[in-house]
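Read the structure below first, then the notes.
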Amino acid sequence: MIKLPHNAKEAIKLQNELRSFVRIRDYPNIAQIRFIGGVDVAYFSRKMTSAYAVAIIWDRFSGEVIERAYAERNVTFPYIPGLLSFRELPVIIDAYDKLSLKADIWMIDGAGVAHPRGLGIASHFGVVLDLPSIGVAKSRLVGNHLHVPRNKGSWVPLWQDKKVIGHVVRTRSKVRPLYVSPGHKISVRQATELVLVCCTRYRLPEPTRLAHHLVTRRAHSL
DNA sequence: GCGACAG
DNA sequence: ATCTTGTCGC
C-alpha cells in the first residue's frame, strides 16, 4: 500500500523524496528477460469514481499471458497532470498483489522518469515495489524532441535540461510514436529495446496492450 | 497572466 | 481516461 497524500502540495513533496530512490542503469541480462508484466487502469464512467485495474504476466517467448489479476477500488485523488500515480497506483498494486507468479520487469501506461520531478507512475511503481519498470506513454508529458522517422523501429531522444530522459519510439510505421522512459532499474536504451521487442503488429507493446484489452472488457479473473 | 499538461 | 459511427488508408 502506498502513502496517499491529501493534496497536490503533499503529493509533490512526496515525489521529491521518492525520486532519490530511482535507479537508472543497465539491466543485467536483458536478453534473458522472459516474463514481462503489464498493467492498465480503466474507469466505467459515473464521474470516474471507481477504478479497475488488470495486471498480467506475459511470456515473451511463447507470446502467452501466463497469469492475470483484477482489482477495483474507489478513487479519491483527482487526475492532475504530473500526479497520476496517486490516483492509479493504489488499484494497480491491488491487482499486482493478487498475482502468484513474478515478472522480470514491468511495463506501465504513463511516464517513467520523463516526468516534471523524475517520478512518473512507472518509476513510482518501481521504487515502491523495488522492481525494474518501464514507462510507456501514448503522449508527451515533458521533454522536447525532433521528428521521428516514419518507419517502425526508429526513435529519437527525448530531451530535458540537456539530458536524455527517454526516447520517442515509432513502434508501427506511420502511426503516432510512443514516449518510452525508464521507470526503475533499467537504462533508457534498454527500455526502448525491450518495448520494441514486445511490439509485433500493434502500436502498444503486448504486455500493456493485453492488459488494456482485458481491463476494458472488465475481464474478471482471480 | 497565459499556455502546457501521462491517464 | 470516457462519451461515440462511420470511414479513409495501408
Side-chain angles (χ1 to χ4, degrees), chain A residues 2 4 8 11-12 15 18-19 22 38-55 71-96 106-127 133-145 149-153 158-161 165-184 188 191-192 195 199-205 207-209 211-219:
Chain A
I2 76 167
L4 275 186
I12 290 174
Q15 288 184 325
L18 292 174
R19 67 184 298 179
V22 176
V39 295
D40 192 33
V41 178
Y43 304 86
F44 293 113
S45 245
R46 198 174 50 159
K47 201 179 180 183
M48 318 235 291
T49 179
S50 37
Y52 304 74
V54 160
E72 57 181 273
R73 144 189 311 236
N74 223 60
V75 293
T76 54
F77 209 87
Y79 169 67
I80 298 173
L83 303 180
L84 175 67
S85 62
F86 297 106
R87 178 179 174 77
E88 303 194 336
L89 214 44
V91 226
I92 287 178
I93 293 180
D94 282 347
Y96 167 85
W106 288 81
M107 288 190 185
I108 320 288
D109 273 313
V113 296
H115 174 277
R117 289 164 292 283
L119 194 85
I121 189 168
S123 297
H124 196 160
F125 174 94
V127 166
S133 62
I134 298 173
V136 182
K138 296 181 290 301
S139 61
R140 189 192 69 90
L141 175 58
V142 292
N144 303 298
H145 65 88
R150 314 163 77 63
N151 60 302
K152 175 177 180 173
L158 179 61
W159 301 89
Q160 177 78 303
D161 301 324
I165 57 176
H167 287 159
V168 188
V169 188
R170 191 77 71 178
T171 55
R172 277 200 69 181
S173 294
K174 302 173 186 175
V175 170
R176 282 190 304 147
L178 253 34
Y179 291 76
V180 179
S181 63
H184 188 47
V188 174
T192 294
V195 165
C199 292
T200 52
R201 55 175 294 211
Y202 300 96
R203 179 163 88 122
L204 298 177
T208 280
R209 198 198 121 242
H212 179 270
H213 182 259
L214 293 175
V215 75
T216 289
R217 296 186 24 179
R218 287 180 155 117

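Each chain gets a letter, A, B and so on, in the order its sequence line appears, and its residues count up from 1. Because the structure is predicted, anything quoted here is derived from the model rather than measured.
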query = Between B:dA6 atom C1' and A:Glu88 atom CD, what is the distance in whole Å?
reply = 9 Å
message = Among B:dA6, C:dA1, B:dA4, which nucleotide has an atom closest to any side-chain atom of A:Lys138?
response = C:dA1
remark   = note: A:Ile92, atom CD1; C:dA1, atom P; distance rounded to Å ~ 13 Å
task = Would you please confirm or rule out a distance under 4.0 Å between OP1 or OP2 of B:dG7 and any side-chain N or O of A:Ser139?
result = yes
request  = For A:Ala114 and A:Leu141, work out which heavy atoms get closest and say how close.
outcome  = O-CD2, 4.0 Å
query = To the nearest angstrom, how far is A:Tyr52 atom OH from C:dA1 atom P?
reply = 16 Å
task = Round to the nearest Å and state the distance from A:Ile108 atom CD1 to B:dG7 atom P.
result = 13 Å
ask   = Between A:Thr208 and A:Gly38, is there a donor-acceptor pair closer than 3.5 Å when you use the side chain of the first and the backbone of the second?
value = no
ask   = Is the distance from OP1 or OP2 of C:dG9 to the nearest side-chain N or O of A:Lys174 less than 4.0 Å?
value = no
ask   = Touch check for A:Ala111, heavy atoms < 4.0 angstrom, all strands: base, sugar-phosphate only, or nothing?
value = base
ask   = Can you tell me how far C1' of B:dC5 sits from CG of A:Leu158, to the nearest Å?
value = 14 Å
task = Indicate yes or no: at least one non-hydrogen side-chain atom of A:Val91 is less than 4.5 angstrom from one of A:Tyr52.
result = no
message = Counting the atoms with a prime plus P, OP1 and OP2 as sugar-phosphate, which does A:Gly135 contact under 4.0 Å by heavy atoms, base, sugar-phosphate, or nothing?
response = nothing
message = Mind checking if A:Ala42 touches a base, just sugar-phosphate, or nothing, with heavy atoms under 4.0 Å?
response = sugar-phosphate
query = Of the nucleotides B:dG7, C:dT2, B:dC5, which one has an atom closest to the side chain of A:Leu84?
reply = B:dG7
request  = Starting at atom CG of A:Leu141, determine the distance to atom P of B:dG3, rounded to an integer number of angstrom.
outcome  = 19 Å
key: 5'-to-3' dot-bracket of DNA chain C (Watson-Crick, G-U; under 3.5 angstrom; crossing pairs as [ ]; | other strand)   = ..........
task = Could you check whether A:Tyr79 gets within reach of a base, just the sugar-phosphate, or nothing at all, counting any heavy atom under 4.0 Å?
result = base
request  = Could you tell me the separation between the CZ atom of A:Phe44 and the C1' atom of B:dG7, rounded to a whole number of Å?
outcome  = 14 Å
ask   = How many angstroms lie between CZ in A:Arg209 and OG1 in A:Thr200, if you round to the nearest 0.5 Å?
value = 6.5 Å
query = OP1 or OP2 of B:dG7 sitting under 4.0 Å from any side-chain N/O of A:Arg87?
reply = no
remark   = A:Arg176 atom CZ is separated from B:dG7 atom P, nearest whole Å, by 9 Å
request  = With heavy atoms under 4.0 Å as the rule, sort A:Leu89 into base, sugar-phosphate or nothing.
outcome  = nothing
